[in-house]
Amino acid sequence: MTIRHERLFIGGEWVPPSSSATIEVHNASTGEHIGTVPEAAEADVDAAVAAARRAFEDPQGWSSWEPERRAAALERLAAELEARAQEIGRLVSMQNGMPIALSPIIEGMNPVGTLRYMASLLPNSPIEEETSRFLGGDLAIRYEPMGVIAGIVPWNYPQTLSSFKYAPALAAGNTIVLKPSPETVLDAYVFAEAVIAAGLPPGVVNIVPGGREIGAYLVQHPGIAKVAFTGSTAAGRWIAETCGRLLRPVSLELGGKSAAIILDDADLDLSKIGQALFSATLINNGQTCYAGTRILAPRSRYAEVVDTFAALASSLPVGDALDPNTMIGPLVSERQRDRVEGYIAKGISEGARLVTGGGRPPGLDRGWFVQPTIFADVDNKSTIAQEEIFGPVLSIIEYTDEDDAVRIANDSDYGLGGSVWTSDPERGRRIARRIQTGTVGINGYIPDPAGPWGGVKNSGLGRELGPRAITEYQNVKTFYL
Ligand code: NAD
């Protein structure tokens, strides 16, 4: 059965698209065609931004509501999404290959948690604070919503990454135009249904499915107050340049090539740490920006670390993303599989030792599968250690001592995630402080809405989430009283 949508969600309604262009969606596990949705054209983006602006400027509208009233609306949206978590998970799994054992929890429930967290921040987020002037007299500082936010997201965690944008943006009183990736548009329709069911005012949320061109048009649209982008470093760099020229605020969550540092005192018993190690390195078939894809192993335990990762990788059931036993599903598309296979070939040609995987799993001749693959004896300067592969491919790199581990971890153009594995959490924190990155986990890694999210170097600019997430979507105005 294929899903067919003929309208776009703009201004709180289902409206006919302005062009007949469509986006065709495929099942990553089978290659089958599973859906068709309209592709937004420039006129649709104009309509979406105009609707969002009307909603923003309505004197009795969303941006004028008391924080408690907005918090209640976010709670309602969270409840509607929670009721649809299974459906969303299933659609995401079909489109991008995320195993169904994970997708209702990750893609279904992360947005629920993010909304509830933002709603919980609102009662303590001042709109106006009075204070004394330093030089005498009084001041008032007012935190105002910015206007219409453009939220542009990739296909790997489409609902989670959308929520990182709309939840704080809406909490602050902004309105939003979201542009999902063409690979994952079906879940965006379920999200729109939740927005309607939650009774958000028309125009507060608008969705324009489309590719790079329509994203670029949205970024430059004169009606946009801020751009919140997650995606590749290449696209992020263009968006940063464009926003620089326009003097438009922007946040960029980009690629990564994070290090998982295994210390010499780490417990490598897979029955104890297998799940955490999997989550930190291979989750979502390696299509995870913060994954620790460079495994840094001490010389004294190098062979043991290689054996541990080989055992982990070869124990993971590979299969259809909708099979509840699957831990490694397919990659999102044929193009992505070609890319990952190209990196595997490059790793071999550059002299890394292929320990396990490296090919297509036997018996899975439809869909875009690649075996979980472990390379050992990897030089940190080599291509597979420096470039983001975005598939189930890990590189194990030897280090001599702690200083060497930190040096290698930081010898990267990226700085997004990372982890330190040790029996001594204090030692782990000491090393974690020296890693140039946005987030780092000690013996594990599950992002949380209370933790600011983002990167340094080529991994991006700005932070999402965390206790100050709402401030990122506010302008500050000072009143001299
Ligand atoms: P991509 O940059 O190709 O596309 C991301 C989104 O941006 C898509 O919606 C795409 O249509 C749009 N887009 C592309 N070029 C654009 C442009 N010039 N102007 C406006 N919009 C544009 O990335 P992708 O391949 O879809 O996603 C994978 C990348 O996302 C990886 O590099 C990954 O590391 C990164 N990512 C980062 C984070 C993070 O939090 N830092 C999270 C998830 C994914």
Side-chain angles (χ1 to χ4, degrees), residues 23 39-40 42 45 92 95-98 106-107 110 114 150-165 177-185 187-188 207-221 224 227-243 246 248 250-258 283-293 331-333 335-340 343 387-391 412-418 437-439 445 447 449 451-466:
I23 296 171
E39 180 176 10
E42 291 183 1
V45 174
V92 171
Q95 297 169 101
N96 74 5
M98 182 183 297
I106 297 179
E107 285 295 275
N110 265 346
T114 304
I152 301 179
V153 292
W155 44 261
N156 60 337
Y157 293 89
Q159 287 303 311
T160 296
L161 297 170
S162 296
S163 74
F164 284 13
K165 290 152 188 61
V177 177
L178 285 169
K179 192 205 78 63
S181 209
E183 291 84 354
T184 45
V185 278
D187 48 294
I207 302 177
V208 287
R212 170 194 303 213
E213 289 74 22
I214 214 64
Y217 184 74
L218 177 62
V219 165
Q220 302 174 83
H221 200 288
I224 295 297
V227 177
F229 174 78
T230 299
S232 62
T233 297
R237 201 179 292 285
W238 181 86
I239 290 171
E241 284 168 8
T242 305
C243 289
L246 296 170
R248 181 163 292 176
V250 60
S251 65
L252 301 165
E253 307 291 348
L254 310 178
K257 191 76 197 179
S258 304
I283 195 163
N284 197 19
N285 323 328
Q287 302 177 129
T288 299
C289 53
Y290 64 86
T293 50
L331 300 176
V332 66
S333 63
R335 195 172 128 244
Q336 188 66 14
R337 183 178 64 180
D338 288 349
R339 216 177 107 85
V340 172
Y343 277 116
E387 296 187 11
E388 186 182 49
I389 298 177
F390 235 52
S412 170
D413 289 340
Y414 293 108
L416 187 60
T437 190
T439 48
Y445 205 118
W453 182 257
V456 298
K457 301 194 272 187
N458 283 357
S459 293
L461 286 178
R463 291 292 176 271
E464 297 183 306
L465 308 181

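No hydrogens, no waters, no symmetry mates; every other heavy atom, side chains included, goes into these values. When a ligand or atom number is given, it counts from 1 through the structure's own listing order. Given the structure is predicted, the values throughout are model-derived calculations rather than measurements.
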Checklist entry - Under 4.0 Å from any heavy atom of G211, which atoms of ligand 1 are there? => result 11 (O)
Next on the checklist: Out of all atoms in ligand 1, which are within 4.0 Å of some heavy atom of L416? Include the element for each.
Outcome noted: 41 (N)
Checklist entry - For N96 and E183, what are the C-alpha separation, side-chain angles and deciding distance, and is it a side-chain contact (heavy atoms from CB on, under 4.5 Å)? => result CA-CA 7 Å; N96 74 5; E183 291 84 354; over 6 Å; no
Next on the checklist: Is any side-chain heavy atom of E464 closer than 4.5 Å to one of E253?
Outcome noted: yes
Next on the checklist: Considering T184, I152, V332 one by one, which has a heavy atom nearer to atom 12 (C) of ligand 1 than any of the others?
Outcome noted: I152
Item to check | Protein heavy atom under 4.0 Å of atom 9 (O) of ligand 1 | outcome: yes
Next on the checklist: Which residue and atom name correspond to the protein heavy atom nearest atom 15 (N) of ligand 1, and how close is it?
Outcome noted: R212 CG, 3.4 Å
Item to check | Numbered atoms and elements of ligand 1 in range of F229, under 4.0 angstrom, heavy atoms | outcome: 2 (O), 6 (C), 7 (O)
Checklist entry - Under a 4.0 Å heavy-atom limit, does T288 contact ligand 1 with its side chain, its backbone, both, or neither? => result neither
Checklist entry - Nearest to atom 2 (O) of ligand 1 by heavy atom, S333, G455, S232: which? => result S232
Checklist outcome for this item: A student comparing P182, S459, P180, A216 should find that the heavy atom closest to atom 19 (N) of ligand 1 comes from A216
Checklist entry - Could an N or O of ligand 1 be found under 3.5 Å from any N or O of W453, whether backbone or side chain? => result yes
Checklist entry - So, is K179 polar-close to ligand 1, with some N/O to N/O distance under 3.5 Å? => result yes
Checklist entry - D187 and Q95: side-chain contact (heavy atoms from CB on, under 4.5 Å), yes or no, with the steps? => result CA-CA 9 Å; D187 48 294; Q95 297 169 101; 2.9 Å; yes
Checklist entry - Going through the distances and angles, do V185 and E39 end up as a side-chain contact (heavy atoms from CB on, under 4.5 Å)? => result CA-CA 10 Å; V185 278; E39 180 176 10; over 6 Å; no
Checklist entry - Which ligand 1 atoms are under 4.0 Å away from a heavy-atom of S181? => result 8 (C), 9 (O)
Checklist outcome for this item: If you compare N458, I214, L254 by their heavy atoms, the one closest to atom 41 (N) of ligand 1 turns out to be L254
Item to check | Close approach, F390 and ligand 1, non-hydrogen under 4.0 angstrom | outcome: yes
Checklist entry - Numbering the atoms of ligand 1 from 1, which are under 4.0 Å from a heavy atom of G215? => result 19 (N), 20 (C), 21 (N)
Item to check | Heavy-atom closest pair, residues Q287 and Y157 | outcome: O-CE1, 3.6 Å
Item to check | Test of proximity, P154 against ligand 1: N or O pairs below 3.5 Å | outcome: no
Checklist entry - Side-chain contact, heavy-atom cut-off 4.5 Å: E42 with Y217? => result yes
Checklist entry - Nearest heavy atom to atom 32 (O) of ligand 1: which of E241, R335, E388, K257 does it belong to? => result E388
Next on the checklist: Using a 3.5 Å cut-off on N or O atoms only, is T233 in polar contact with ligand 1?
Outcome noted: no
Next on the checklist: Below 4.0 Å from ligand 1: does a non-hydrogen atom of G460 turn up there or not?
Outcome noted: no
Checklist entry - What's the shortest heavy-atom distance between P182 and G210, and which atoms? => result CD-O, 3.4 Å
Checklist entry - How about L254 and F229: do any of their side-chain heavy atoms sit closer than 4.5 Å? => result yes
Item to check | ligand 1 atoms in contact with I239 (distance to a heavy atom under 4.0 Å) | outcome: 19 (N), 20 (C)
Item to check | Aromatic ring pairing W453/Y445, orientation class (parallel under 30°, perpendicular over 60°, tilted between) | outcome: perpendicular
Next on the checklist: Quick test of your reading of the structure: of G231, C289, A235, whose heavy atom lies closest to atom 38 (C) of ligand 1?
Outcome noted: C289
Item to check | atom 18 (N) of ligand 1 - nearest protein heavy atom and its distance | outcome: W238 CE3, 3.4 Å
Checklist entry - Taking the side chain from K257 and the backbone from E388, do they hold a donor-acceptor pair closer than 3.5 Å? => result no
Checklist entry - So is W155 polar-close to ligand 1, meaning N/O to N/O under 3.5 Å? => result yes
Item to check | ligand 1 atoms in contact with N156 (distance to a heavy atom under 4.0 Å) | outcome: 43 (C), 44 (C)
Next on the checklist: Looking at every heavy atom in both Q336 and I389, which two are closest together, and how far apart are they?
Outcome noted: NE2-O, 3.8 Å
Item to check | Non-hydrogen atoms of T114 and P449 that approach each other most closely | outcome: CA-CB, 4.1 Å
Checklist entry - Nearest heavy-atom pair of I106 and T160: which atoms, and what distance? => result O-OG1, 3.4 Å
Next on the checklist: Under 3.5 Å between any N/O of V153 and any N/O of ligand 1: does that happen in this structure?
Outcome noted: yes
Checklist outcome for this item: On a heavy-atom basis, the closest approach of V92 and E107 is CG1-CG, 3.7 Å
Checklist entry - Taking side chain as C-beta onward, heavy atoms only, is I239 less than 4.5 Å from L252? => result yes
